[in-house]
Student: 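Sharing a structure here in structure tokens format.
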Amino acid sequence: MQKPMKYLEKAVTVAAGAAWNVFDRLNQIHQNPSFTPKWSDKPLLKSYQKTKPPLGWPRTTDSLCPRCIPEIRQQIVDGKIPHEILLNDKVGEIKAQIIERDGQILMVKDCPIHGHFEDVMAIDTAFFKHLEDVFPGRDIRAHNDEKLHNHGTSTVKHGRGSVLTIDLTNRCNMMCDPCFMDANQVGFVHELSWEEIQTMLDNAISIKPRRQMSVQFSGGEPTLSPHFLKAVAYSRKVGYNSVQAATNGIEFAKSPEFCRESAKAGLRYAYLQFDGIGNAANSHRAVGNLFDVKLRAIENLHSAGVDIVPVTTIINGVNNEQVGHIIQFALDNPKKISFLSFQPVSFTGRDEAVTDERRAAQRYTLSHLALDVKNQVGMGEPTRDWFPISFMSTFSDWADLVHGPSADWGQLSCGCHPNCGIGMALMIDKETKEFAPVTAFLNAEQLSKDVARINDAGRGKSLSIFGISLAMLRNYDPFMAPSTFRLTDMLTKFDKCFGGTKRNYGKVTADRTEKDIEMRRQDRWNFLFIAGMWFQDLFNYDFRRTEQCIIPYATQEGEISFCAYNTGVGWRNIIEKMHMTASLTKWYEEHGRHEIFAGGKNVGLETTAHSLRLNDEHVAFGLQHDLDDKGIAKTAREEKTRARDAKLKQSAENARMAKLYREQVLKEKPADAGFVPLGSLGIAPAAPAKPKVEEREEVGSFGD
């Protein structure tokens, strides 16, 4: 029965193609002007009105010197120069060129003080070009935002963003390498008060354009904040449909009750740190049973109604061989995992002082990710199945058009630079686990062009829905889709995502219930989205990316792009010091020490039982040894230890050579030559002199 159905669907797609040609020709006559929605003071943009940053290569952009910036930042943190210098001057900025060399895309730049720097942007030029070619353009320019977006050349200029990040605390219950914020190492506590959290959330919804942003509470470990549950609940109250927690999962793994409380407060997603399959693959985080923690966290959270997004920091030579294992884990558990986020390592925080050797060995780009997925899983054509995540903004524009001018919020729009993030979607049958890349059976590039024409025409809801239905049908190949997948499934999935018909698939608004969650989960098809988000560091920094950041941080000094906050000029270091809650010593005196899991310590779990399906071979895979074989350090801590040991060894060698020189060349006798102990002559040695009081005090104060 399935094959005849596929032929019938093919006939429908052919008819839709003929109907589209007529519809599109008529639809372009006398296009309607764009309306100004309630959530913006500027009208919706036509596709041809969208601007783009300089793309292609060779090109020149504005970047930063990796050596100047840490020096200047430290002077600001130490109070030697005011932070306002960042608002008025182009501190540490240098020009950079994006070029092609030996089949790779590189960023090269020169500082007049510190010399030449270069780093890899992509190892596949065709893939890099594809991402930039299909970039649809920048979002509505940010406006009425002067109080929150005022950070000099680091200011966010386009769009409203997708995920508003709020660090509730810089305290953490782990000591990871890598860590972009250097948690537990800065000597003070920066923890937001309830009033500060409330103000940041209120401010965030005051500026335009007002997109349907997610709020992600982060840290440190956000669950350590006493205001975590209250912050989640307040976010839902003021209108954010998607509230997330970026977490290591420890507190969720330890307590099913805490998971239920979080879900009740309104937590929708847990962005769960997840570095690989098996405890060995997670061992670089220095927690003995960390994979068991992840599995229990997934089990507890899903049972409570919270969706899980495994988030993997990918480091070349450390865990890049885990890409395929993690994707297979998601394919084996489609009822529990519907999103994966891979984040190539950013050499910032603890890794900012990385050596050139380790940086070259560990650098991992979005092109690495696309090739690893193809090679390790056997699926995904880089230039067919991967797109910049900003590619979806054309479909968000369609939703904005259909929802009309009276909508309180705009559709979620991931309008970042094409070099920032990529995505590939799979359609998986939750029952049979059969899957296929969506772009294998749906011509996404042509569909996007068709939808842009519908948007430009600016018709009403009915015609726009009719138009996109024809566009989807004509770009669909039923023979490339999973065997049980139907045309109606595709149209339903699209409607569920963008809410065109207002059909009830289970609410996601603040008043959603357990029944709504179950209703959404009953869908037989899992739209598994595999994302790659590559945050910048000082070696590949590009201000054109910062300007259209979709993940701003809410802080006491306004909303700052993710990369400008965590790297770039380093607003995190400056703001956390400016608004320091207490020194570490004082905090411990008043609040005590929280438990930290490091050095191989295990997390105490009531049980390690779970219902997830695991591949035994992947669990037993063990450590990746690429860097060991090359003699390259894996972490900043190991790199520092090696440097210290090498320095001590060199000092000892220098002392030995100096001694030989004195003895062999200068013919000096050793200092102890001819020494006769006084005791052997019957003379008691003198008692050691007591240090003066002030000398003891001086030594004591230095030791403190």
Side-chain angles (χ1 to χ4, degrees), residues 6 10 13 55-57 100 103-105 120-136 312 314 316 320-331 334 338-344 364-395 414 418-429 433-451 471-472 474-483 485 490 493-494 525-534:
K6 295 291 185 182
K10 185 62 178 178
T13 64
L55 299 173
W57 67 84
E100 179 183 355
Q104 297 184 333
I105 303 297
V120 178
M121 300 289 291
I123 60 172
D124 183 339
T125 56
F127 177 72
F128 193 82
K129 182 177 187 300
H130 162 68
L131 296 180
E132 295 194 343
D133 284 348
V134 298
F135 172 60
T312 307
I314 293 290
N316 213 26
N320 60 293
E321 292 179 357
Q322 289 291 326
V323 168
H325 296 178
I326 293 169
I327 292 176
Q328 190 60 54
F329 174 75
L331 295 176
S338 59
F339 198 114
L340 293 174
S341 179
F342 292 99
Q343 298 179 355
Y364 193 86
T365 70
L366 297 174
S367 58
H368 283 85
L369 176 62
L371 292 172
D372 275 347
V373 171
K374 181 179 180 180
N375 294 333
Q376 294 179 28
V377 190
M379 69 172 189
E381 292 298 326
T383 57
R384 183 198 70 181
D385 297 327
W386 291 91
F387 288 83
I389 58 175
S390 50
F391 182 78
M392 292 302 296
S393 64
T394 298
F395 302 91
C414 300
N419 297 163
C420 289
I422 60 174
M424 178 176 73
L426 305 178
M427 196 66 73
I428 309 174
D429 187 327
K433 297 182 182 176
E434 182 186 6
F435 69 90
V438 171
T439 40
F441 59 82
L442 189 64
N443 186 338
E445 192 168 346
Q446 184 58 53
L447 176 62
S448 177
K449 293 176 182 177
D450 292 348
V451 175
M472 293 184 71
R474 89 183 193 103
N475 286 290
Y476 175 66
D477 183 348
F479 295 106
M480 295 298 290
S483 59
F485 192 71
M490 181 178 65
K493 264 297 184 189
F494 185 88
W525 293 97
N526 176 6
F527 184 87
L528 175 64
F529 192 75
I530 303 172
M533 198 70 192
W534 189 20

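Values reported hereafter were calculated over all heavy atoms of this structure, with side chains retained and with hydrogens, waters and symmetry mates removed. In this chain, numbering begins with 1 at the start of the sequence shown.
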Student: Let me confirm one number: the CG-CG distance from Asn443 to Asp477, rounded to the nearest 0.5 Å.
Tutor: 10.0 Å
Student: Got Phe128 and Glu132 here, is their nearest side-chain heavy-atom distance under 4.5 Å?
Tutor: yes
Student: Give me the atom names and distance for the closest heavy-atom approach of Leu340 to Ala330.
Tutor: CD1-CB, 3.8 Å
Student: Please identify which of these residues, Leu426, Val373, Thr439, meets the side-chain contact (heavy atoms from CB on, under 4.5 Å) condition with Asp385.
Tutor: Thr439
Student: How are the rings of Phe339 and Phe529 set to each other: parallel, tilted or perpendicular (split at 30° and 60°)?
Tutor: tilted
Student: Which atoms form the tightest heavy-atom contact between Val134 and Phe391, and what is the distance?
Tutor: O-CD1, 3.7 Å
Student: Between Phe435, Phe485, Phe494, which is the residue that forms a ring-ring contact (aromatic ring centres under 6.0 Å, His included) with Trp525?
Tutor: Phe485
Student: Would Asp372 and Tyr364 count as a side-chain contact (heavy atoms from CB on, under 4.5 Å) here? Give the steps.
Tutor: CA-CA 11 Å; Asp372 275 347; Tyr364 193 86; 2.6 Å; yes
Student: With heavy-atom distances below 4.5 Å as the criterion, would you say the side chains of Thr394 and Pro136 are in contact?
Tutor: yes
Student: Is the side chain of Glu434 donor-acceptor paired with the backbone N or O of Ser483 at a distance under 3.5 Å, no angle test?
Tutor: yes
Student: How far apart are the closest heavy atoms of Pro418 and Leu55, and which atoms are they?
Tutor: CG-CD2, 4.0 Å
Student: Can you check whether Leu528 reaches Leu331 side chain to side chain, under 4.5 Å on heavy atoms?
Tutor: yes
Student: Can any side-chain N or O of Thr13 pair as donor or acceptor with the backbone N or O of Lys10 at less than 3.5 Å?
Tutor: yes
Student: Looking only at atom types and distance, does a side-chain atom of Asn526 sit under 3.5 Å from a main-chain N or O of Pro334, one as donor and one as acceptor?
Tutor: yes
Student: Enter the distance from Leu369:CG to Gln343:CD here, rounded to the nearest 0.5 Å.
Tutor: 11.0 Å
Student: If I compare all heavy atoms of Ile123 with all of Gln104, which pair ends up nearest, and what's the gap?
Tutor: CG2-NE2, 3.6 Å
Student: Of the non-hydrogen atoms in Met490 and Leu442, which two are nearest, and what is the gap between them?
Tutor: SD-CD1, 3.8 Å
Student: So, do Phe127 and Leu371 sit near enough that their side-chain heavy atoms are less than 4.5 Å apart?
Tutor: no
Student: Are any side-chain N or O atoms of His368 and backbone N or O atoms of Thr365, one a donor and one an acceptor, separated by less than 3.5 Å?
Tutor: yes
Student: Does Phe479 offer a backbone N or O that forms a donor-acceptor pair with the side chain of Lys6 under 3.5 Å?
Tutor: no
Student: How far apart are the C-alpha atoms of Ile327 and Phe342, what are their side-chain angles, what is the distance that settles it, and do they pass the side-chain contact (heavy atoms from CB on, under 4.5 Å) test?
Tutor: CA-CA 10 Å; Ile327 292 176; Phe342 292 99; 4.1 Å; yes
Student: Could you check whether any side-chain N or O of Gln376 sits under 3.5 Å from a backbone N or O of Asn320, counting only pairs where one atom can act as donor and the other as acceptor?
Tutor: yes
Student: Would Met472 and Leu447 count as a side-chain contact (heavy atoms from CB on, under 4.5 Å) if you check the C-alpha gap in whole Å, the side-chain angles of each, and the deciding distance to 0.1 Å?
Tutor: CA-CA 7 Å; Met472 293 184 71; Leu447 176 62; 4.0 Å; yes
Student: Quick check for you: to the nearest 0.5 Å, what is the distance between Ile326 atom CD1 and Ser341 atom OG?
Tutor: 10.5 Å
Student: Start with the C-alpha distance between Ile105 and Lys129, add both sets of side-chain angles, then the distance that settles side-chain contact (heavy atoms from CB on, under 4.5 Å), and finish with yes or no.
Tutor: CA-CA 10 Å; Ile105 303 297; Lys129 182 177 187 300; over 6 Å; no
Student: If you look at every heavy atom in Trp534 and Pro344, which pair is closest and at what distance?
Tutor: CD1-CB, 3.5 Å
Student: In this structure, which one of Trp386, Phe135, Phe387 forms a ring-ring contact (aromatic ring centres under 6.0 Å, His included) with His130?
Tutor: Phe387
Student: So how far is it from Met379 CE to Met424 CE, rounded to the nearest 0.5 Å?
Tutor: 4.0 Å
